[in-house]
Amino acid sequence: MAVKIRMKRMGSKKNPFFRIVAADSRFPRDGRFIEMLGFYDPMTEPANIKIDEDKLYKWLDDGAKPTDNTADVLKKAGLLERWQLLKSGVKISELDEVIEARREKQPKPEGKKVEKLSKKAVAAAQKAQEDKDKAEEEAAKKAEEAVPDSEKAAEETPAENEAGETPKE
């Protein structure tokens, strides 16, 4: 009996969520399964993934193969990486440290994210700059209107000399 770790579609129209199950490969996708391992809800932001690791590792040790889509979900959750490390002999207490060290060594694929973020950041920065310019213009107009007429007149007439003499007109 070939066992697959697959996703069983649940939910309603346009609102799916998936159970991650261990099932005989001959059974239909949404049919009978052997054991439920967890669930995956792609409709939430970020996607909600909850999997019983002990059950998953037991089935992987027994030779169950995850389907392509399920493997992607397990990779997102970091469970396949943990399982490979456990299989290679890393102790559970050292697991988190080894994963952190691996991730620091790997180059970060930020190219696409940076573009997306930079577009958003540029748009946000432009909008913020426009708002700031408008606010400064309005503040300048209010300041001009708030200046009393006597001060304006004082600015227009030349100031008295240092000796106290008023200039002759």
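- Contacts classified as side chain to side chain donor-acceptor pair (under 3.5 Å) and involving residues 13-24 (residues at least two apart or in different chains) are given here: Asp24-Arg26.
- Between Lys127 and Asp131, some side-chain heavy-atom pair lies under the 4.5 Å cut-off.
- Arg6 approaches Pro28 most closely through the heavy-atom pair NH1-O, 3.4 Å.
- Residues satisfying the side-chain contact (heavy atoms from CB on, under 4.5 Å) criterion with Glu137, sequence neighbours excluded, are absent altogether.
- Here the side chains of Glu35 and Lys58 are in contact, with some heavy-atom distance below 4.5 Å.
- Within a 6.0 Å sphere centred on CG of Asp68, heavy atoms belonging to other residues, nucleotides or ligands number 12 at most.
- At a threshold of 4.5 Å between side-chain heavy atoms, the hydrophobic network of Ile, Leu, Val, Met, Phe, Trp and Tyr places Leu86 and Val90 in one connected group.
- Of all heavy-atom pairs spanning Leu80 and Lys75, the tightest one is CD1-CG, 3.9 Å.
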(message) With side-chain contact (heavy atoms from CB on, under 4.5 Å) as the criterion, how do Leu56 and Leu79 come out once you've worked through the C-alpha distance, each side chain's angles and the decisive distance to 0.1 Å?
(response) CA-CA 9 Å; Leu56 175 71; Leu79 296 173; 3.9 Å; yes
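- Phe33 is not connected to Leu60 by any chain of hydrophobic side-chain contacts under 4.5 Å among Ile, Leu, Val, Met, Phe, Trp and Tyr, and they are in different clusters.
- When hydrophobic residues (I, L, V, M, F, W, Y) are linked wherever their side-chain heavy atoms come within less than 4.5 Å, the members clustered with Met10 are Phe17.
- Between Glu81 and Arg103, at least one side-chain nitrogen of the basic residue sits less than 4.0 Å from a carboxylate oxygen of the acidic one, meeting the salt-bridge criterion.
- Scanning both residues, Met36 and Val21, for their nearest heavy atoms gives CA-CG1, 4.1 Å.
- Through direct or relayed side-chain contacts under 4.5 Å between Ile, Leu, Val, Met, Phe, Trp and Tyr, Phe27 connects to no other residue.
- Legend: side chain to side chain donor-acceptor pair (under 3.5 Å) pairs involving residues 38-53, not counting sequence neighbours, sorted by first then second residue: Glu53-Tyr57.
- Once rounded to the nearest 0.5 Å, the distance linking CD of Glu145 with NZ of Lys141 reads 8.5 Å.
- Residues Ile49 and Ala77 approach most closely at CG2-CB, 4.0 Å, considering heavy atoms.
- Applying the salt bridge (Lys or Arg N to Asp or Glu O under 4.0 Å) rule to pairs touching residues 87-97 yields Arg82-Asp96, sequence neighbours excluded.
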(request) Please test Asp62 against Val3 for side-chain contact (heavy atoms from CB on, under 4.5 Å), starting from the C-alpha separation and ending with a verdict. (result) CA-CA 9 Å; Asp62 290 345; Val3 177; over 6 Å; no
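- Closest approach of Pro16 and Pro42 over heavy atoms only: O-CD, 3.8 Å.
- Scanning both residues, Gly31 and Lys8, for their nearest heavy atoms gives O-NZ, 3.5 Å.
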(request) Mind running side-chain contact (heavy atoms from CB on, under 4.5 Å) on Met7 and Asn69 for me, showing each step along the way? (result) CA-CA 8 Å; Met7 292 192 284; Asn69 291 334; 3.5 Å; yes
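- In the hydrophobic cluster analysis, where Ile, Leu, Val, Met, Phe, Trp and Tyr join through side-chain heavy atoms closer than 4.5 angstrom, Leu37 is grouped together with Val73.
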